[in-house]
Amino acid sequence: MTKNLVIVESPAKAKTIEGFLGKDFTVRSSFGHVMDLNKTKLSVDVDNEFEPKFEISPDKKKTVSELKKMAKSADTVWLASDEDREGEAISWHLYKALGLNDNNTKRIVFHEITKVAITKAIESPRGIDKNLVSAQQARRVLDRLVGYELSPLLWRKVKPSLSAGRVQSVAVKLIVERENEIRNHKSTSAFRIVAELAPDGPNQIFTAEYAEKFKEEEQAHDFLRNNIGANFSIESIEKKPAKKSPAPPFTTSTLQQEASRKLGFSVANTMRIAQSLYESGKITYMRTDSVNLSNTAIGMATSEITKSYGEEYVRTRKFASKIKGAQEAHEAIRPTYLSNHSVDANNDEKRLYDLIWKRTIASQMSEAKLEKTIVSIKSSGADKKFTATGEVIKFDGFLKVYLESTDDDNGEKQGLIPAMNVGDALSLMEMRARERFTKHAPRYTEASLVKKMEELGIGRPSTYAPTISTIQKREYIVKETRESEKQKATCLTLKDNNISSAVHYDNVSSDKSKLFPTDIGILVTKFLDQHFDRIMDYNFTADVEKEFDEIAEGKKEWNEMIKDFYGPFHKKVETTQEQSGKFSGERLLGIDPASGKKIFVKIGRFGPMAQIGETDAEEKPRFAGLRKGQSIETITLEETLKLFDFPRNLGNYEDKEVTVAIGRFGPYVKHNGGFMSIKKEDDPASITLDRAIEIIEAKRKADREKIIKSFPEDEKVQLLNGRYGAYLVIDKQNYKLPKGTEASELTLEDCYKIAEDPKNMPKKRSSRKKK
DNA sequence: CAGTGAGCGAGCTTCCGCTTGACTT
């Protein structure tokens, strides 16, 4: 059929490339890896040179059989997966899975998707690099061994269904350690002195800061008093030129950071939107660690900048990655056509595109030229000097288009400074001594965690977003907005020869959508740190990467490397398994005044819980789960005792008892065998019977509205309103309704008929949804 | 989803990286 079959990793790429190649070429995609280790088994023969058992992934069976068919009828198969470890392995796996041979198979690589690059690649094919394949195998086997030996250990020692891995466990550790730092941070305060001054003549006020801060309010007060009626004059003015350069074009990580800071997107959201822009051909590939732009792109940028801003704004650059372990198989993320200043798409896509366009264009624009002015001012009432700094843009350059934001954007703006001369007298408008507290390190956001992971070389562009969602799904960390801590601060003001004092409440931290560790995350980190310090070492990944590189260069055997690692690792797993007991993080809080028994908090099978009495005591202990937001690290005895006030009997309704209790999904009201969750506004400790009845009635109303139709002839059959529209239930089994069906018009016969059609059976979930 | 937590024991959970759809009760 086709003479040449070219296989790439992504279907969008396949479509583009097919346009560049002639009729004789058919381009298809493998959709990433086609072979992997079996998910349900270790699939690594640890007694036999660590031989991995790769098999065709279940969800790739169809792709592989289609490709196989096409490959059979082709003269030549061109394996064009990415030029990195994983890409090489994809080619090798395709080679095996499609039953290819050396005579009709060629391996090619290209970094940019242009006709020239691809034609050139076709002209210079090579064979599959087995060393690179071995390096991937080592990476894959190492991750499997770590993940599949540590996770079961956690199930036994801590809690079922937990997970551990080279990447995720260290990501959690970063957040746990940051929280510890914050907990141990001792905030100190000092009074900062700021003067608002104005030269004679036009009313141009500017601010200057005094060179010293004062620890005590009294000292600050004394200082202000000394400056009542003082003379201010300019001692020196220094002007110096400064430059600002644009940031490199986007990689996955920097795109996630900027989209988070400037647009407020989560990393998963950013990737979803970028994927959509990529699929519609608007931007280049979005999973990349490269800051490189192709010559074509730089050419487009040059003409676009010249046209829109003028020649003096052009300054092309080649950026080099500073990230260790960067594989740079792709270009940086950029618009496919820089002449499109915006795109026709939904709002989020437009905004993300706009960001990418600006960043790309700015990266090829001239530096901004600034002039910094530093004015030194002396006061007759002070020993040291006041300093005012100003910044004037002489030439805006790339700033015309784009300025990168930073994580801590609370830096004060540098104001304009009026034109003045040395010796000029100034009038004091106002002087303030404001108490400032030192701030603890900020909690991570999703995006700043990605930044840190990238710095440490942990994870890859394709895994940042999934890793962050995994550690949230496992409940190791939570993303939350918490009430920020306030601190009382004093501000003294000198104005019109008078000193007044006022009190402010300053936010110590801004905790909007920040990452917090949970009790389980803290406990698991502690456990792994104690027993597996090597894997929890921030340098572990970087160190093994060096060894993968040696394997890729043919300087090392992959299974030798794994053997060296696995020996001591596996021994540690075994001794921990045998010698250490349950790791519950148990904390003794004190004595229950009612029973005289001990009260503990710890991690149980279902998460954090409190316990009155000892497990091996004759009388069974009482248990209660901790509420959301409570932590075994910080909960007090009083708070714990309150948890045992449930279930609480509120009285009777319709001759049946109404009780309120706290369960797995929060507080609920129980009545006549039914459960109803209570809303956030209601406090289970003080809820009244009347309010509980309201909740019961509201639930009944919702249930009534849920039923579209029921049949008195067969009560097992019901048509219900669900989250995704109408559906059919027969004897607890759900069925989809065929498209276009009006549920309220269906007869009982219709329902039976629908249930018989296997098309309407709901798909079985491949993996059970985690609680 | 279902409102537990000892004991009994079967059977389940899990990794990282490469890619997109399929399709939810």
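What's counted below: heavy atoms across the whole structure, side chains too, no hydrogens, waters or symmetry copies. Values in this document were obtained by computation on a predicted structure and should not be read as measured data. In what follows, every chain begins at residue 1, and chains take the letters A, B, ... in the order their sequences are listed.
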[X] [atom1] to [N] [atom2]: how many Å, rounded?
{"X": "A:His93", "N": "B:dG17", "atom1": "NE2", "atom2": "P", "value": "16 Å"}
{"X": "A:Asp143", "N": "B:dG17", "atom1": "CG", "atom2": "P", "value": "6 Å"}
{"X": "A:Trp155", "N": "B:dC15", "atom1": "CH2", "atom2": "C1'", "value": "11 Å"}
{"X": "A:Leu37", "N": "B:dC18", "atom1": "CG", "atom2": "C1'", "value": "14 Å"}
{"X": "A:Tyr285", "N": "B:dC18", "atom1": "OH", "atom2": "P", "value": "8 Å"}
{"X": "A:Arg605", "N": "B:dG3", "atom1": "CZ", "atom2": "C1'", "value": "14 Å"}

So for [X] and [N], does any side-chain atom that can act as donor or acceptor lie under 3.5 Å from a complementary atom in the base?
{"X": "A:Arg139", "N": "B:dC16", "result": "yes"}
{"X": "A:Arg140", "N": "B:dC15", "result": "yes"}
{"X": "A:Ser163", "N": "B:dT14", "result": "no"}

Checking the side chain of A:Ser81 only, and the main-chain atoms of A:Gly87 only, is there a donor and an acceptor separated by less than 3.5 Å?
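Here the side-chain-to-backbone pair exists.
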Any [X] side-chain N or O less than 4.0 Å from OP1/OP2 of [N]:
{"X": "A:Thr463", "N": "B:dG17", "answer": "yes"}
{"X": "A:Ser29", "N": "B:dT19", "answer": "no"}
{"X": "A:Arg474", "N": "B:dC15", "answer": "yes"}

Is A:Arg85 salt-bridged to A:Glu545, going by a charged N under 4.0 Å from an acidic O?
yes
Inspect the contact between A:Asp543 and A:Lys546 and indicate whether a charged nitrogen and a carboxylate oxygen are less than 4.0 angstrom apart.
yes
Between A:Ser57 and A:Arg287, which has a closest nucleotide on DNA chain B that is more 5'?
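First, find each residue's nearest nucleotide; the 5'-ward one identifies A:Ser57.
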Nearest-nucleotide 5' precedence on DNA chain B, A:Glu279 against A:Gly165
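Checking each residue's closest nucleotide, the 5'-ward one belongs to A:Gly165.
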Nearest-neighbour nucleotide for the A:Met609 side chain, B:dG5, B:dT20, B:dT13 considered:
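Closest nucleotide among those given: B:dG5.
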Closest to the A:Glu86 side chain, choosing from B:dG17, B:dT20, B:dC16
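Between B:dG17, B:dT20, B:dC16, the one nearest the side chain of A:Glu86 would be B:dG17.
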Selection: residues 623-630 of chain A, any non-hydrogen atom under 4.0 Å of DNA chain B:
A:Phe623, A:Ala624, A:Gly625
Test log, rule side chain to side chain contact (heavy atoms under 4.5 Å, CB included), inputs A:Gln136 and A:His33:
CA-CA 12 Å; A:Gln136 191 273 346; A:His33 275 295; 3.7 Å; yes
Taking Watson-Crick and G-U wobble pairs with both distances under 3.5 Å, convert DNA chain B into its dot-bracket string, 5' to 3', dots for unpaired and | for cross-strand pairs.
.........................
